[in-house]
Amino acid sequence: MIRLHDKYFKPFLSEKQILGAIQRMAQEIAVDYKDDTPIFVGVLNGAFMFVSDFLKEYPYSCEVSFVKLSSYQGLTSTGIVETLLDVPDNIEGRSIIILEDIIDTGRTLQKLVHLFSNTKVKEFKIASLFYKAEVYNGEYAIDYVGLEIPDKFIVGYGLDYKELGRNLREVYQLNQKYMINLVLFGKPGAGKGTQAQFLKEKYNLKHISTGDVFRYNIKNGTELGTLAKSYIDKGELVPDEVTIKMLEDEVDKNPDADGFIFDGFPRTTAQAEALDNFLESKDMKVDATIALEANDDILIERLLERGKNSGRSDDQDVSKIRNRFEEYNSKTAPLKDYYEEQHKFHSVNGIGSIDEITQRLTKVIDSL
Ligand code: AMP
């Protein structure tokens with residue numbers, strides 16, 4: 001994985017794969033232009049490496065020239081294609097073969113064809129090292145293709161992300177999201193919320209506590225709050241469909257997050273499965289589930305203490321607390337197996353100072 005500006009990119013094509021494709025293209029074109037002296041026109045800036053390696057492989061008489069256009073600004077094509085370096089002189093009656101580094105939507109190509117439209121050349125052909133067939137508008141035939149690639153943003157081998165990455169010998173693909181998504185697991189009072197406060201700062205994550213979201217809704221008298229209150233007051237779990245929908249909304253509210261800490265979610269197998277499916281649909285995943293372990297006596301002591309200050313009714317009554325433990329034992333504890341099967345389960349001793357526990361969690365996260 002490499003980083004350019006604010007984005008991460010993962011290896012996609014090796015130097016060998018790229019040079020192999022170029023060799024094939026050069027041989028193909030050589031067969032067609034053996035008896036001619038074509039002018040290869042490289043499209044700057046991206047094609048400079050391609051042009052160089054291509055010419056080394058081209059065995060017959062040829063000339064080389066360049067045009068310069070600009071269209072990409074960052075990750076998405078702006079659609080504005082400017083001519084910064086115009087067509088070469090004296091090309092009338094000559095065979096022109098455009099050497100493009102990449103063709104995606106075809107907008108740059110349209111401008112290129114336009115550039116050469118009144119030049120009375122003998123032949124006008126297009127060769128592109130990379131070709132995104134999925135998004136190409138199909139307006140012009142592409143005569144020679146090196147490698148067909150999926151519609152993912154790439155850098156390296158002449159291609160840039162905001163001008164960086166052109167010097168890489170290989171091609172890298174944008175890693176859609178380089179995220180850390182953590183599930184904090186543990187009984188009520190285990191310290192999930194407290195630790196989440198530290199971890200979210202350290203790793204720049206968005207903390208979602210389903211309990212907090214419910215309490216916020218109760219405080220503001222929303223429909224969701226009214227619905228959840230009856231369950232929460234008894235120390236029971238709020239029904240899955242309500243909680244899952246709410247969680248998904250919270251994630252969707254933060255499209256730019258570097259990752260999430262899920263605190264108090266999932267609490268049932270149905271929630272865990274829903275979370276996996278939901279994240280997968282967004283090209284995301286749970287990276288680790290970390291359980292904070294402490295025994296019931298300590299937890300009851302902590303919760304009653306918290307209840308004195310927080311005013312949380314579910315923290316002030318031992319029978320409600322015990323009911324929450326029972327809910328945990330019957331519905332949430334089985335998730336340990338669910339995440340162990342995925343090799344994502346980590347257990348951390350939740351007894352000690354806040355700082356000690358943060359360090360234990362950090363050690364697990366840094367090893368991911
Ligand atoms: P917490 O603050 O995490 O202890 O949550 C307080 C209460 O909110 C719980 O006892 C449940 O009634 C409800 N709750 C929080 N998260 C969930 C969840 N994932 N599924 C169902 N109910 C939840």
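Both backbone and side-chain heavy atoms feed into the values below; hydrogens, waters and symmetry mates do not. Both ligands and their constituent atoms are indexed starting at 1 by order of listing.
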Does ligand 1 have any N/O pairs with the protein under 3.5 Å, and how far apart?
from	atom 1	to	atom 2	distance (Å)
ligand 1	2 (O)	R215	NH1	2.9
ligand 1	2 (O)	R215	NH2	2.9
ligand 1	2 (O)	R312	NH1	3.4
ligand 1	2 (O)	R312	NH2	3.4
ligand 1	3 (O)	R267	NH1	3.0
ligand 1	3 (O)	R267	NH2	3.2
ligand 1	4 (O)	R267	NH2	3.3
ligand 1	4 (O)	R312	NH2	3.3
ligand 1	12 (O)	E236	O	2.5
ligand 1	16 (N)	T210	OG1	2.7
ligand 1	16 (N)	G264	O	3.3
ligand 1	16 (N)	R267	NH1	2.9
ligand 1	19 (N)	G264	O	2.8
ligand 1	19 (N)	Q271	OE1	2.9
ligand 1	20 (N)	Q271	NE2	2.9
ligand 1	22 (N)	V238	N	3.0

### Message
Tell me if the aromatic rings of F124 and F116 count as close, with their centers under 6.0 Å from one another.
### Response
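They qualify: ring centres under 6.0 Å apart.
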#### Entry: For R94, all residues meeting salt bridge (charged side-chain N to carboxylate O under 4.0 Å, His left out), sequence neighbours excluded
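Only E63 meet the salt bridge (charged side-chain N to carboxylate O under 4.0 Å, His left out) criterion with R94.
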### Message
Within this structure, what is the CG-CD distance for the pair D252 and E248, rounded to the nearest 0.5 Å?
### Response
7.5 Å
### Whichever hydrophobic residues join L237 through chains of side-chain contacts under 4.5 Å
none
### Task
Just say parallel, tilted or perpendicular for the rings of F54 and F50, cut-offs at 30° and 60°.
perpendicular
## Note on the structure
Quick note, ring pair (Phe, Tyr, Trp, His ring centres under 6.0 Å) partners involving residues 199-244, not counting sequence neighbours, are none
